[in-house]
Amino acid sequence: MGKEQKIKTDMVESQEDDKTAEQRDIESFEELGVIAPICEACKNLKFKKPTPIQQQAIPVAMEGRDVIGLAQTGSGKTAAFAIPILQALWEKPQPLFACVLAPTRELAYQISEQFEALGSVIGLRCAVIVGGIDMMSQAVALGKKPHVIVATPGRLMDHLEHTKGFSLRGLKYLVMDEADRLLDMDFGPIIDKLLLMIPRERRTLLFSATMTSKVEKLQRASLTSPVRVAVSTKYETVKTLLQSYLFFPFKYKDTYLVYLVNEMAGQTMIIFARTCNDTERVAILLRNLGFAAVPLHGQMSQSSRLGALNKFKTGARSILVATDVAARGLDIPTVDCVLNYDIPTDSKAYIHRVGRTARAGRAGKSLSLVTQYDLELYLRIEGVLGKKLDEYEVDKEAVMLLNERVGEAQREAVNEMKQLHAKRRDRKTEGISSARGKRKRTDDMDREES
Ligand SMILES: Nc1ncnc2c1ncn2[C@@H]1O[C@H](COP(=O)(O)OP(=O)(O)OP(=O)(O)O)[C@@H](O)[C@H]1O
């Protein structure tokens, strides 16, 4: 039998399992066999009962099986893989026990926070290893032999190749969060390389809201007899999310944007744009019009990225304008609305973007701006969702009243962008030495084109 067929046959398909889990509806983490200190940590985090993906994935992972977990955005996948790992660690403590890979730096920090919140009661040591941060301090952190490493693949590879005394030869668990992204073409080759540097006899857990079913991609993760646990049917958005779109001519895009942002004033929102440049420009445009907007994209320095996210999380800024670097995994409970300034070229990215709101049972809304150039992409997304979305109603005359003022702000924004670019160019010529060139290549896996 070819390897392709083997993976398929070994998978326990989810549909039947689904029903059993729903019928039994497990009421507590104790019922799942989770040890008392971790149950206590769940209580402290206000997790009253396990979510459906936790109900299904935790027992399977605790049996020592490889898991492919598919569940909607905001449904508690992080704890679904963190809890069985922490329990196994408690039973047999060891340094460098588990490694969690994430596609973006911000997500890596967030996952480690969840591990620490659940694991501090059992004395967990966790290290975050991501690009854009000084290698030396990370090497020191690795020297302290953490139990769990949460990393972006490029920087982890850098340490495996260059940090003396660091290896993952004793690793017991490998997790790929947002696994479909990690197994795709951009990350694939580096994941292949990483897998050669960790033991084959490990447990592998793959999780995502848009999990690939492509056998070739799954083979890349070299799973052993994986169990597939799927709570949602493929690519579903949550029921508490109200999704709509707005259709208008391209030339009024910024005017419509400003009208909508103004209409939703007081709400917390993420505006997604396709390029770093547009992200920056839209943030400046909105700021010039008096809105508290902050940009987040892969061309910013890591400290600016974390600073921007922090301002948004703490409420100091109510609008985050971001590229898809913020589309996956980020868990910010206060997000009321996701606004797609640009329609994503990949339907999966749509699912992840709108999943930044309506998390953990809360309500939320999303609004996609569609122009004559986006129709094909938009219809493809509706096709993937399997439903037509409602059109958002606006008073077009009221929108047009803003056009002149927005035009002025656009011109100001273009000037500011020019200054910004000039400043960046200066900094680059001053600061970058050729010796750092090689490291940048792997470090900046989650950076984007401008
Ligand atoms: N059992 C639970 N009860 C209540 N809240 C929970 C429970 N488990 C997790 N949560 C909370 O739900 C939120 C979403 O969880 P998490 O970020 O793990 O979602 P996710 O499924 O990984 O989403 P995404 O696909 O967007 O990455 C978090 O704030 C988390 O603390």
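Counting starts at 1 for both ligands and their atoms, following the listed order. The analysis underlying the following values was restricted to heavy atoms, covering all of them including side chains, and did not include hydrogens, waters or symmetry mates.
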Using heavy atoms and a threshold below 4.0 Å, how should the contact between H352 and ligand 1 be classified: side chain, backbone, both, or neither? neither
Per-atom filter on ligand 1: closer than 4.0 angstrom to a heavy atom of F29 are 1 (N)
For ligand 1, find out whether one of its N or O atoms is nearer than 3.5 Å to an N or O atom of Q110. no
Need the ligand 1 atom indices (1-based, order shown) with element for anything under 4.0 Å from a heavy-atom of K49. 1 (N), 2 (C), 3 (N)
Give, for atom CG of D158 and atom CD1 of I129, the distance between the pair rounded to the nearest 0.5 Å. 11.0 Å
Does ligand 1 have an atom under 4.0 Å from some heavy atom of F207? no
Identity and separation of the nearest protein heavy atom to atom 12 (O) of ligand 1: A360 CB, 3.5 Å
Ring centers of F97, Y173 separated by less than 6.0 Å: yes
At the 4.0 Å heavy-atom cut-off, does Q72 count as touching ligand 1? yes
On the 0 to 90° scale, with breaks at 30° and 60°, tag the Y256-F248 ring pair as parallel, tilted or perpendicular. parallel
Using a heavy-atom cut-off of under 4.0 Å, does the side chain or the backbone of F81 touch ligand 1, or both, or neither? neither
Proximity to ligand 1 by part of D331, non-hydrogen separation under 4.0 Å: side chain
Looking only at atom types and distance, does a side-chain atom of Q110 sit under 3.5 Å from a main-chain N or O of D331, one as donor and one as acceptor? yes
Electrostatic pair E30-K43, nearest N-O below 4.0 angstrom: yes
If we number the atoms of ligand 1 from 1 as shown, the ones under 4.0 Å from a heavy atom of R356 are 26 (O)
of all protein heavy atoms, closest to atom 9 (C) of ligand 1 is F47 CZ, 3.5 Å
Hey, which atoms in ligand 1 end up nearer than 4.0 Å to a heavy atom of S75? 19 (O), 20 (P), 21 (O)
Within the side chain of E263, is there an N or O that forms a donor-acceptor pair under 3.5 Å with the backbone of Y259? no
Heavy-atom nearest neighbour in the protein, as seen from atom 17 (O) of ligand 1, with distance rounded to 0.1 Å: R359 NH2, 3.0 Å
With a 4.0 Å cut-off on heavy atoms, is L45 in contact with ligand 1? no
Does an N or O anywhere in K46 fall below 3.5 Å from an N or O of ligand 1? no
To which protein heavy atom is atom 8 (N) of ligand 1 closest, and what is the distance rounded to 0.1 Å? Q54 NE2, 2.8 Å
Contact between N340 and L367 at the side-chain level, heavy atoms closer than 4.5 Å - yes or no? no
Could you establish whether A71 and ligand 1 come within less than 4.0 Å of each other, counting only heavy atoms on the residue side? no
May I ask you to decide if the ring planes of F207 and F81 are parallel, tilted or perpendicular, using 30° and 60° as cut-offs? tilted
Taking the six-membered ring of F29 (Phe, Tyr or Trp), confirm whether the NZ or CZ of K49 is under 6.0 Å from its centre and within 45° of its axis. no
May I have the step-by-step check of salt bridge (charged side-chain N to carboxylate O under 4.0 Å, His left out) for R380 and D346, ending in yes or no? CA-CA 9 Å; R380 206 184 303 157; D346 169 10; over 6 Å; no
Side-chain touch M157/K193, heavy atoms, less than 4.5 angstrom: yes
I'd like to know if G74 contacts ligand 1, where contact means a heavy-atom distance under 4.0 Å to any ligand atom. yes
Contact check: K48 vs ligand 1, nitrogen or oxygen atoms, below 3.5 angstrom: no
Q94 and H147: side chain donor to acceptor below 3.5 Å: no
